[in-house]
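Structure record follows, encoded as structure tokens.
No hydrogens, no waters, no symmetry mates; every other heavy atom, side chains included, goes into these values. Naming convention: chains lettered A, B, ... in sequence-line order (proteins, then strands); numbering from 1 in each chain.
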There are 2 protein chains.
Amino acid sequence: MSRERILLAGLAMVDEEGLAAVSMRKLARRLGVDPMSLYNHVDGKDALLDGIAEMLLAAIPAPPADPDLRETMSALAHGFRAAMLGHPRAAPLVLTRRLASITALAPVEAVLAPLLAAGYPPDRAVHGLRAVLAFLVGTLMREVEAAPTFGGAHRLAELERSGLPAVSAAAPYLAVCDHEAEFEFGLRIMLDALAEP
Amino acid sequence: MSRERILLAGLAMVDEEGLAAVSMRKLARRLGVDPMSLYNHVDGKDALLDGIAEMLLAAIPAPPADPDLRETMSALAHGFRAAMLGHPRAAPLVLTRRLASITALAPVEAVLAPLLAAGYPPDRAVHGLRAVLAFLVGTLMREVEAAPTFGGAHRLAELERSGLPAVSAAAPYLAVCDHEAEFEFGLRIMLDALAEP
DNA sequence: ACCTGAACACCGTTCAAGT
DNA sequence: ACCTGAACACCGTTCAAGT
């Protein structure tokens, strides 16, 4: 028994059965141990979920340093996305919890550093960070099915006869969602806006 | 007993005690009724939460028609924000659930219609809709404390001695978060990008 | 220091019985 | 058609007891 073994088993459980299926008792069973043993290494269910989120966050690779701001920011965004899509059912933990731990600051540093190096004043850099992050969180929540598609959950035929003119007109495009393309479309908007200080 | 009375009591309960505190049994107690009575009007806990989300969504006011696209989009975004901030603890229901109901299409129509009227081809209009929505979802999740601040959860002193250079340099700005200003900053980026088809 | 198991106070939902 | 209550199969966590 160790904290790490517990967190890894927890992540595996989320990956396989989904967040809603995770319980301390089932996790203990999976580890062949009494439920209460977990409490020696983890502070409770909430702390367990925080711990899993931190593992995911820590696994995001630091992209190679690049003198071009846009290149760096793009690589960071894609790295974050890849990490979340690697564990889609666990991603909401990262996208949804406020982590107090210091490891949660690594991605902040990764985004802030290139912005400051590019000449951004710190206040603008923080605004930029937060805008990009909001977009990333919103987009990724949608990708992992934890946020509304606002239309995507409906069938084409249903959209067409909704009685809503704009929805009907755009029905063929609403009915499908190419996450990759949507991600690039939105990311380009953010990166264009942050092109220079 | 009626579906509406149940949904209203459910919303009140979320407002007062938070999402995690909602249970079918407590809701029944609040209504002075047997827990199982609720099942005659609502399909279970998940359907109850969907129903509450739909109520919130339906309460978003339709802004007055304005020939200016930017004005219209801005009014829609602010209306959506106001509706979520009016029920911050319930907002994650809207921001987090995929509603299959037809009422979930009203906001889509509201955003799509002005974009089409402004000359957007339908495919571009849907991209624009999704990018704006992703930003709104991400920002509002942060505002209602359901998404990471990535830094905001930390104290100033802690940020300064984090050992991370960019984080230290920007610490005073990371330590505070003016949600209003962040919202306007990000929204402006999105609206600028959507200024013309 | 770590593990155990009984116990407490909860859950959502099924089902048979009532009116 | 709607309400009820017992019952089932779960929860997270406390606490006293063990090693």
Grab the NZ-P distance between B:Lys26 and C:dT13 for me, whole Å please.
16 Å

Determine, step by step, whether A:Leu8 and A:Met55 satisfy the side chain to side chain contact (heavy atoms under 4.5 Å, CB included) criterion, reporting the C-alpha distance in whole Å, the side-chain angles of both residues, the deciding distance to 0.1 Å, and the verdict.
CA-CA 9 Å; A:Leu8 282 171; A:Met55 281 187 67; 3.2 Å; yes

Specify the separation, in whole Å, of atom NZ of A:Lys45 and atom P of D:dT14.
15 Å

Whole angstroms only, please: what is the CG-P distance between A:Leu31 and C:dC3?
11 Å

Any strand is fair game: report the nucleotide pairing with C:dC3 by Watson-Crick or G-U wobble, both distances under 3.5 Å, or none.
none

Measure the distance from CZ on A:Arg29 to P on C:dG5 and round it to the nearest whole Å.
14 Å

Side-chain N or O of B:Ser37 less than 4.0 angstrom from OP1 or OP2 on D:dT4?
yes

What is the separation between atom CG on B:Leu38 and atom P on C:dC11, rounded to the nearest whole Å?
13 Å

Using a heavy-atom cut-off of 4.0 Å across all strands, would you classify B:Ser23 as base, sugar-phosphate, or nothing?
sugar-phosphate

For B:Arg5 and D:dC3, what is the distance between atoms CZ and C1' respectively, to the nearest whole Å?
14 Å

Pick the C1' atom in C:dC10 and in D:dC8, then give their distance to the nearest Å.
15 Å

Just how far, in rounded Å, is C1' of D:dA6 from CE of B:Met36?
11 Å

Which sits closer to the 5' end of DNA chain C, A:Asp34 or B:Tyr39, going by the nucleotide each is nearest to?
A:Asp34

Considering Watson-Crick and G-U wobble pairs with both distances under 3.5 Å, what does C:dG12 pair with?
D:dC8

From the set C:dC3, D:dT4, C:dT13, return the single nucleotide nearest to any side-chain atom of B:Arg25.
C:dT13

For a side chain to side chain contact (heavy atoms under 4.5 Å, CB included) check, start with the C-alpha distance between A:His78 and A:Glu184, then their side-chain angles and the critical distance, and finish with the verdict.
CA-CA 10 Å; A:His78 282 96; A:Glu184 300 299 344; 2.7 Å; yes

Would you call B:Lys26 and B:Glu17 a salt bridge, using N to O less than 4.0 angstrom?
yes

With a 4.0 Å cutoff (strictly under), does any side-chain N or O of B:His41 reach OP1 or OP2 of D:dC3?
yes

So, the side chain of B:Arg30 versus the backbone of B:Gly10: is there a donor-acceptor pair under 3.5 Å, distance only?
no

Rounded to the Å, how far apart are A:Met24 CE and C:dT4 P?
14 Å

Check whether B:Arg142 reaches the backbone of A:Arg130 with its side chain - one donor and one acceptor, N or O, closer than 3.5 Å.
yes

